[in-house]
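One structure below.
Because the structure is a prediction, the values reported are computed rather than measured.
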Amino acid sequence: MNLDRLAESLREYLGTTRKHTIKNIVGIFDEKGTNPSFGEDAAIIEHGDEALLLAADGIWDKLMRADPEWSGYCSVLVNVHDIAAMGGRPLGMVDVFSSNSDEITRKVLKGMKDGIDKFGVPVVGGHVHPDTPYAALDVAILGIAKKDCIIYSSTARPGDDVVLAIDLDGRVHPSCDLNWDSTYLKDASIVRWQVASMVELAEKKLLTAGKDVSNPGIIGTLGMLLEVSGVGADVYLDLMPKPDGVAMDHWLKMYPGMGFIVTCKPENTDKVIGVYNDHKLNASKIGKVVPARRLDLVRGTERATVFDFTKHEITGLGPARGRCNNL
């Protein structure tokens with residue numbers, strides 16, 4: 001695909017454009033733009049020498065309609081990753097489940113139970129609507145991290161390397177071609193070890209910023225990180241790890257079963273990649289953080305801008321939001 005067309009396709013991808021409403025919602029709850037939790041994968045609550053991490057995720061209705069069982073599984077997976085992305089350990093979850101049929105209920109709960117068994121994080125409470133005219137699933141998760149080891153999204157700096165860690169050993173999910181499933185068929189011990197890579201990196205303080213790759217895909221997720229950090233990046237497509245048989249434009253929009261995009265100082269890049277490799281993840285340097293507030297794709301001598309943050313917004317949460325100095 002032509003590089004300009006690829007950049008435009010990624011910028012207009014629904015997984016990314018759905019994030020545009022975040023700014024309006026945050027503006028209601030944080031008028032002054034001083035809460036450090038907004039723009040992060042989880043809210044941060046001081047708790048002595050540690051911090052509690054609180055996150056929530058709702059399942060996209062398109063996925064619920066396509067595969068209720070996979071939706072239940074993903075509700076656990078995505079929440080565990082939100083805690084891991086900040087260097088935390090998940091403790092427990094609560095859910096709000098609405099259903100309009102016994103069959104959907106059975107499938108969703110089976111998927112959730114599979115996710116609980118896979119990642120070892122229990123559901124400890126919640127709420128059910130057994131008689132709604134629709135099916136919906138929302139899950140919240142509580143985690144914990146060392147307060148001085150939290151990985152933020154908003155702290156990438158010019159000169160940092162961009163590293164993508166992802167599990168290429170997987171499949172395009174049969175019910176959703178925008179899901180790369182690398183966890184469901186694996187042993188629980190392997191996926192838990194992969195998740196633990198972020199805790200190790202956090203406690204070794206090898207990263208400057210990080211996020212788990214979510215619905216906006218690899219480039220959209222990196223764009224969210226750059227937006228709140230007030231910086232940009234060059235991404236080298238020739239260095240992008242990709243499964244065989246999946247086109248680049250498809251791959252860059254997919255939600256991976258296990259994927260993290262992080263930044264680090266160049267002197268730590270090999271160490272970061274080594275930690276990921278030890279945790280059975282494919283990791284590569286794919287780019288460089290730059291001062292200019294734009295995300296460019298680079299392929300050979302070609303260059304195309306996906307996001308110019310002086311013109312384009314993803315979440316609309318800029319660097320002025322900052323983070324608390326006491327965390």
Distance from Ser214 atom OG to Asp41 atom CG, nearest 0.5 Å? 7.0 Å
Sequence neighbours left out, what pairs pass salt bridge (Lys or Arg N to Asp or Glu O under 4.0 Å) with at least one residue falling in residues 253-271? none
Taking Ile116 as the starting point, is it possible to reach Val108 by hopping between hydrophobic residues whose side chains are less than 4.5 Å apart? yes
Should Asp102 and Arg106 count as an ion pair when the cut-off is N to O under 4.0 Å? no
Between Lys204 and Asn268, is any pair of side-chain heavy atoms under 4.5 Å apart? no
Any heavy-atom pair between the side chains of Lys211 and Tyr152 that's under 4.5 Å? no
Begin from the C-alpha positions of Leu237 and Leu3 and carry the test side-chain contact (heavy atoms from CB on, under 4.5 Å) through to its verdict. CA-CA 10 Å; Leu237 290 183; Leu3 204 59; 3.6 Å; yes
Heavy-atom distance under 4.5 Å between the side chains of Lys288 and Pro266, does that happen here? yes
Are Met1 and Val306 connected, step by step, through hydrophobic side chains (Ile, Leu, Val, Met, Phe, Trp, Tyr) whose heavy atoms are closer than 4.5 Å? yes
Please confirm whether the backbone N or O of Ser175 pairs with a side-chain atom of Asp67, one donor and one acceptor, at under 3.5 Å? no
Quick one: are Ile44 and Lys147 in side-chain contact, heavy atoms under 4.5 Å? no
What's the shortest heavy-atom distance between Arg192 and Asp117, and which atoms? NH2-O, 2.8 Å
Return each pair, listed once, that meets side chain to side chain donor-acceptor pair (under 3.5 Å) where at least one residue sits in residues 71-84; pairs must be two or more places apart or across chains. Tyr73-Thr183
Taking the side chain as every heavy atom from C-beta outward, state whether Ile151 and Phe260 have any atom pair closer than 4.5 Å. no
Starting at OG of Ser182, measure out to CD1 of Ile166 and round the result to the nearest 0.5 Å. 7.5 Å
Would you say Ile59 and Val128 are hydrophobically clustered, going by side-chain heavy atoms of ILVMFWY under 4.5 Å? yes
Does some side-chain heavy atom of Leu252 sit less than 4.5 Å from a side-chain heavy atom of Ile218? yes
Show every ring-ring contact (aromatic ring centres under 6.0 Å, His included) that has at least one partner inside residues 211-256, sequence neighbours left out. Trp180-Trp251
Partner residues of Lys62 under the salt bridge (charged side-chain N to carboxylate O under 4.0 Å, His left out) criterion, sequence neighbours left out: none
Closest non-hydrogen atoms of Met258 and Val191, given as atom of the first, atom of the second and distance, are CE-O, 3.7 Å
Residues at least two apart in sequence or cross-chain that pass side-chain contact (heavy atoms from CB on, under 4.5 Å) with Asp169, listed by chain then number, are Asp167, Lys186
Have Asn179 and Trp70 got a donor and an acceptor in their side chains that come within less than 3.5 Å? yes
Without swapping roles, check the side chain of Arg157 against the backbone of Val231 for a donor-acceptor pair under 3.5 Å. no
Closest approach of Pro256 and Val213, non-hydrogen atoms and distance? CD-CG1, 3.5 Å
Could you measure the distance from the CG atom of Asp212 to the CD1 atom of Ile261? Nearest 0.5 Å is fine. 11.0 Å
Would you check if the side chain of Thr263 reaches a backbone N or O of Ala209 as a donor-acceptor pair within less than 3.5 Å? yes
Side chains of Leu53 and Glu40: does their closest heavy-atom pair fall under 4.5 Å? no
So the ring-ring contact (aromatic ring centres under 6.0 Å, His included) pairs with at least one residue in residues 193-214 (sequence neighbours excluded) are Trp193-His279
Residues in side-chain hydrogen bond (donor to acceptor under 3.5 Å, both in side chains) with Thr269, at least two apart? Asp161
Sequence neighbours left out, what passes salt bridge (charged side-chain N to carboxylate O under 4.0 Å, His left out) with Asp4? Give chain and number order. none
Evaluate whether atom NZ of Lys280 has more than 12 neighbouring non-hydrogen atoms of other residues, nucleotides or ligands under 6.0 angstrom away. no
Backbone N/O of Arg11 and side chain of Thr16: donor-acceptor pair under 3.5 Å: no
Any donor-acceptor pair under 3.5 Å linking the side chain of Glu227 with the backbone of Ile314? yes
So does Thr208 get a backbone contact from the side chain of Thr155, meaning a donor-acceptor N/O pair under 3.5 Å? yes
Sidechain-backbone polar pair: Lys118 side chain, Tyr184 backbone, donor-acceptor under 3.5 Å: yes
So which atom in Tyr13 and which in Asn215 form the shortest heavy-atom distance, rounded to 0.1 Å? CE2-O, 3.4 Å
Say whether, by atom type as modelled, one donor and one acceptor occur between the side chain of Ser284 and the main chain of Ile286 under 3.5 angstrom. no
In Å and rounded to the nearest 0.5 Å, what is the CG to CE distance from Leu164 to Met240? 6.0 Å
Would you please test Leu109 and Lys113 for side-chain contact (heavy atoms from CB on, under 4.5 Å) and show each step? CA-CA 6 Å; Leu109 294 180; Lys113 183 61 165 60; over 6 Å; no
Please name all residues satisfying side-chain contact (heavy atoms from CB on, under 4.5 Å) with Asp238, sequence neighbours left out, ordered by chain then number. Arg299
Are Val199 and Ile144 connected, step by step, through hydrophobic side chains (Ile, Leu, Val, Met, Phe, Trp, Tyr) whose heavy atoms are closer than 4.5 Å? no
Can you pull out every side chain to side chain donor-acceptor pair (under 3.5 Å) where at least one residue sits in residues 88-100? Sequence neighbours excluded, please. Arg89-Glu203, Ser99-Thr105
Restricting to salt bridge (charged side-chain N to carboxylate O under 4.0 Å, His left out), what partner residues turn up for Glu50, sequence neighbours left out? none
Step by step, would you call Met112 with Val139 a side-chain contact (heavy atoms from CB on, under 4.5 Å)? CA-CA 10 Å; Met112 290 184 71; Val139 173; 4.2 Å; yes
Apply side-chain contact (heavy atoms from CB on, under 4.5 Å) to residues Val235 and Val162 and explain how you reach the verdict. CA-CA 8 Å; Val235 174; Val162 179; 5.6 Å; no
State yes or no: do Val121 and Ile190 share one hydrophobic cluster built from I, L, V, M, F, W and Y residues joined by side-chain heavy-atom distances below 4.5 Å, directly or via other members? no
Do Asp249 and Arg5 sit within salt-bridge range, that is, some charged N less than 4.0 Å from a carboxylate O? no
Under the 3.5 angstrom rule, does the side chain of Ser229 hit a backbone N or O of Ser153 as a donor-acceptor pair? yes
Of all heavy-atom pairs linking Val275 and Ser197, the shortest is CG1-O, 4.0 Å
Looking only at heavy atoms, the pair that brings Leu137 and Gly72 closest together is CD2-CA, 3.9 Å
For Asp49, does the CG atom sit with more than 12 other heavy atoms under 6.0 Å from it, leaving out its own atoms? no
Taking everything shown except His47 itself, do over 12 heavy atoms lie less than 6.0 Å from its NE2? no
Flag side-chain contact, heavy atom, 4.5 Å: Glu200 against Asp278: no
Non-neighbouring partners of Arg303 that pass side-chain contact (heavy atoms from CB on, under 4.5 Å), sequence neighbours left out: Asp234, Asp296, Val298
